[in-house]
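These notes concern the structure reproduced below.
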Amino acid sequence: MSTPVRVRFAPSPTGFLHVGGARTALFNWLWARHTGGTLVLRIEDTDAQRSTDEMIQGILDGLEWLGIDWDEGPFHQSQRGARHREAADRLVESGSAYPCFCSVEMLAAEREAAIARKESYVYSGRCRGLDPAEAARRREGGEPSTVRFAVPAGETSWEDVVHGHTAFENRTIGDFIILRSDGAPIYNLAVTVDDLDMRITHVVRGDDHISNTPKQILLYGALGVEPPVFAHVPLILGPDKSKLSKRHGAVAVTAYREQGFLSAAFVNFLALLGWSPGDDREVMTRAELIEAFTLERITGKSAVFDVEKLEWLNGQHLSRLSGAEVAAIAKPLFVHARIADEAELARRAAWFEDLMALVKTRSRTLHDLVEQGRPFFPGPVEYQPDAVEKFWKDAALADSALAVAEAYVAGEEQWGDLEAMEAGLRALAEESGVPAGKVMQAMRVALTGQRVSPGIFETMTAMGPDVVRDRLAAARAWLAGRAASQAGA
RNA sequence: GGCCCCAUCGUCUAGUGGCCUAGGACGUAGCCCUCUCAAGGCUAAAACACGGGUUCGAAUCCCGUUGGGGCCA
């Protein structure tokens, strides 16, 4: 290994970290951590008026949720204007750049003429031939001017880690502006100077920057430095295959936190979008991703964001966590949903952990955890219509099943021994002539109000005899009322 | 419109000239397990965009077409 890896993530402060930016950040982070290198965070806030602290904070919140940390920065591009202008001056002195006095009107006319000729427009280079002394005089005289880079003839190319050999003919580029008439640096100059000053070795960024790359390489050359290695990662697409954006719904990564996704699962999912470890592994921890990640294995093809796969991955990550780990994550959600308060959850901590262990395998998001866990807390149960329809369709039959259940509960002495409980209930059901399955299903609705729950004996054990008795009684009362109204109708 | 990128199941991907009657995963369908639903196990349907080359041999290399996307305008 020669020089240590230095990469950067350079978002513009848009108020939130979007999915595409998150993946770019992730790839940079993974590469830095994989190589033991350095990740620099740089805020590209050249659009100073829109770069408020809140806008920047939104980006940082997203990175924090993903667990992406950085080693240097955040640096602010807006504060580096002096460095950018200095570089521009140097380029003018060395003859690589020149002042341009062309007015907006003149340029518009050039452009229209080009369009009329059905040619692509590039700046004609009219001011390139100006005598430097005269140009200096005009500038001092207060004539407005920009600074343009003098693009040499030829071709600019690089070996992109993702795309391989990539080349642009210089004549398609045209002498581009590097300094606005107000002295503000243009993006390509700022980026190049910053990356150079920060000694970035690998530029890992979105595909949408490919067309900026030859300009930056030209700038590196004129500034007398070797350009870094470039890796242009393909974009993330919406289901309609266009660049993922607001109209596809949630683009801010924190929206996925709100939707009940685990940070580790989201990171795993993002990593698999445009990258794969090369074997069949899919469910991977952060540590495994760091270990396996290389830039060479990034695909050149853009990927569609598939929420269903994200949900599956989240379920996988959830299942792999212990009850205690899930409990720690789920606790605030139960409090927020007003199912229980902090004190109660603290008092019943072991019980809550067992409960989370019970519901985690049938949950995909954290919200599923809440909905499945809800009935295990004391209080009235709401009978879901679909559950009633499926298991209590005939009120009289349901009631007789619940009568068996009540008799069983009254006589059960081996509470907590799942096998013994099941044996007991089956024996009693057979005596009563009601199929055991019917009893269990009717009980499920009585106890949870839902058609889906953990095994009925686990459910009973988690609830405890008192809650179970109360709920069976309440259910029979409810069914009696329903039977009466059914008879009336 | 110009320039550039991309092209394997619906989706994410493996595949770097013979191991490919193209592998895995999500999703879908079916079966098993079963007190429900998941999880888990098994099975199925499902792809190399098209046309030319190069080669003994092409998903893999080259050219073109088509399609998708990005940037600039």
Side-chain angles (χ1 to χ4, degrees), chain A residues 20 107-108 110-112 114-123 156-157 160 162-164 166-174 176 206-215 232-244 268-283 296-316 318-320 358-364 368 372 386-387 390-391 401 405 418 421-422 425-426 429 435-445 447-448 450-460:
Chain A
L107 295 172
E110 267 192 8
R111 185 174 305 127
E112 271 165 40
I115 291 168
R117 273 179 279 128
K118 292 200 186 288
E119 284 172 15
S120 62
Y121 171 70
V122 290
Y123 174 63
T156 302
S157 67
D160 197 282
V162 177
H163 297 287
T166 309
F168 284 77
E169 283 185 53
N170 290 359
R171 60 177 172 76
T172 66
I173 299 171
F176 54 94
D207 235 351
D208 46 350
H209 284 289
I210 287 186
S211 48
N212 285 322
T213 306
K215 298 179 184 177
H232 287 99
V233 318
L235 300 173
I236 297 178
L237 273 28
D240 65 350
K241 307 222 177 193
S242 71
K243 187 175 169 179
L244 193 70
N268 188 173
F269 175 70
L270 237 36
L272 256 23
L273 235 39
W275 174 84
S276 80
D279 49 40
D280 287 339
R281 281 183 297 168
E282 295 213 281
V283 183
E296 286 72 24
R297 292 207 57 86
I298 296 175
T299 351
K301 195 186 133 197
S302 38
V304 174
F305 189 95
D306 179 12
V307 193
E308 285 189 329
K309 186 139 187 183
L310 205 209
E311 287 172 352
W312 170 78
L313 255 183
N314 205 62
Q316 292 295 315
L318 219 40
S319 303
R320 283 163 168 72
L358 219 48
V359 295
K360 68 176 187 178
T361 48
R362 70 206 88 223
S363 296
R364 298 203 127 185
D368 296 340
Q372 297 228 16
D386 62 336
K390 187 169 181 189
F391 295 127
L418 266 28
M421 288 171 84
E422 177 160 2
L425 183 131
R426 284 191 187 279
K438 295 285 179 204
V439 176
M440 297 187 226
Q441 288 165 346
M443 276 180 96
R444 170 164 291 108
V445 184
L447 298 183
T448 68
Q450 299 176 357
R451 49 189 282 187
V452 173
S453 83
I456 200 68
F457 302 102
E458 292 162 305
T459 299
M460 288 167 67

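Naming: A, B, ... by sequence-line order, numbering from 1 per chain. Please read these numbers as outputs of a predicted model, since none were measured by experiment.
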For [N], which nucleotide in any strand shown is its Watson-Crick or wobble partner with both distances under 3.5 Å?
N: B:rC56; result: B:rG18
N: B:rC50; result: B:rG64
N: B:rC3; result: B:rG70
N: B:rA25; result: B:rU11

What's [X] touching, base or sugar-phosphate or nothing? Going by heavy atoms closer than 4.0 Å.
X: A:Pro239; value: nothing
X: A:Ala387; value: nothing
X: A:Arg281; value: nothing
X: A:Phe168; value: sugar-phosphate
X: A:Glu308; value: sugar-phosphate
X: A:Gly274; value: sugar-phosphate
X: A:Lys390; value: sugar-phosphate
X: A:Leu235; value: sugar-phosphate
X: A:Gly455; value: base

Within this structure, what is the [atom1]-to-[atom2] distance between [X] and [N], rounded to whole angstrom?
X: A:Asp368; N: B:rA39; atom1: CG; atom2: P; value: 11 Å
X: A:Glu311; N: B:rC37; atom1: CD; atom2: P; value: 20 Å
X: A:Asp280; N: B:rU13; atom1: CG; atom2: C1'; value: 10 Å
X: A:Asp207; N: B:rA7; atom1: CG; atom2: P; value: 11 Å
X: A:Asn170; N: B:rC4; atom1: CG; atom2: P; value: 12 Å
X: A:Leu310; N: B:rU13; atom1: CG; atom2: P; value: 14 Å
X: A:Ile298; N: B:rU13; atom1: CD1; atom2: C1'; value: 15 Å
X: A:Ile173; N: B:rC71; atom1: CD1; atom2: P; value: 18 Å

Rounded to whole angstrom, note down the [atom1] distance from [N] over to [M].
N: B:rG23; M: B:rU8; atom1: C1'; answer: 11 Å
N: B:rU28; M: B:rG10; atom1: C1'; answer: 10 Å
N: B:rC48; M: B:rA22; atom1: C1'; answer: 8 Å
N: B:rA59; M: B:rG15; atom1: C1'; answer: 8 Å
N: B:rC61; M: B:rG27; atom1: P; answer: 32 Å
N: B:rA46; M: B:rU21; atom1: C1'; answer: 16 Å
N: B:rG41; M: B:rU34; atom1: C1'; answer: 13 Å
N: B:rU16; M: B:rA73; atom1: C1'; answer: 38 Å

Taking 4.0 Å as the cut-off, does a side-chain nitrogen or oxygen of [X] come that near to OP1 or OP2 on [N]?
X: A:Arg171; N: B:rC3; result: no
X: A:Lys301; N: B:rU8; result: yes
X: A:Arg297; N: B:rG15; result: yes
X: A:Arg362; N: B:rG40; result: no
X: A:Gln316; N: B:rG40; result: yes
X: A:His163; N: B:rC6; result: yes
X: A:Ser276; N: B:rA14; result: yes

As a test of reading the structure: which of [options] is closest to the side chain of [X], going by heavy atoms?
X: A:Thr361; options: B:rC71, B:rA38, B:rC26; result: B:rA38
X: A:Thr166; options: B:rA14, B:rU36, B:rC5; result: B:rC5
X: A:Glu282; options: B:rA25, B:rC35, B:rC5; result: B:rA25

Approximate separation, where rounding is to 0.5 Å, of [X] [atom1] and [Y] [atom2]:
X: A:Leu425; Y: A:Ile456; atom1: CG; atom2: CD1; answer: 9.0 Å
X: A:Arg364; Y: A:Leu310; atom1: CZ; atom2: CG; answer: 10.5 Å
X: A:Glu311; Y: A:Ser363; atom1: CD; atom2: OG; answer: 12.0 Å
X: A:Arg444; Y: A:Thr459; atom1: CZ; atom2: OG1; answer: 6.0 Å
X: A:Leu235; Y: A:Lys301; atom1: CG; atom2: NZ; answer: 13.5 Å
X: A:Ile210; Y: A:Asp160; atom1: CD1; atom2: CG; answer: 6.0 Å

For RNA chain B, whose closest nucleotide is more 5', that of A:Gly300 or that of A:Arg426? A:Gly300

Heavy-atom nearest nucleotide on RNA chain B for A:Val304 versus A:Arg364: which residue maps closer to 5'? A:Val304

Under 3.5 Å donor-acceptor pair, A:Lys309 side-chain atoms to B:rA25 base atoms: yes

Return yes if the base of B:rC35 and the side-chain atoms of A:Arg444 contain a donor-acceptor N/O pair under 3.5 Å, otherwise no. yes

Check step by step if side chain to side chain contact (heavy atoms under 4.5 Å, CB included) holds for A:Phe269 and A:Asn314. CA-CA 9 Å; A:Phe269 175 70; A:Asn314 205 62; over 6 Å; no

Looking at A:Phe176 versus A:Tyr123, is the centre-to-centre ring distance below 6.0 Å? no

Going by an N to O cut-off under 4.0 Å, is there a salt bridge joining A:Glu282 and A:Lys309? yes

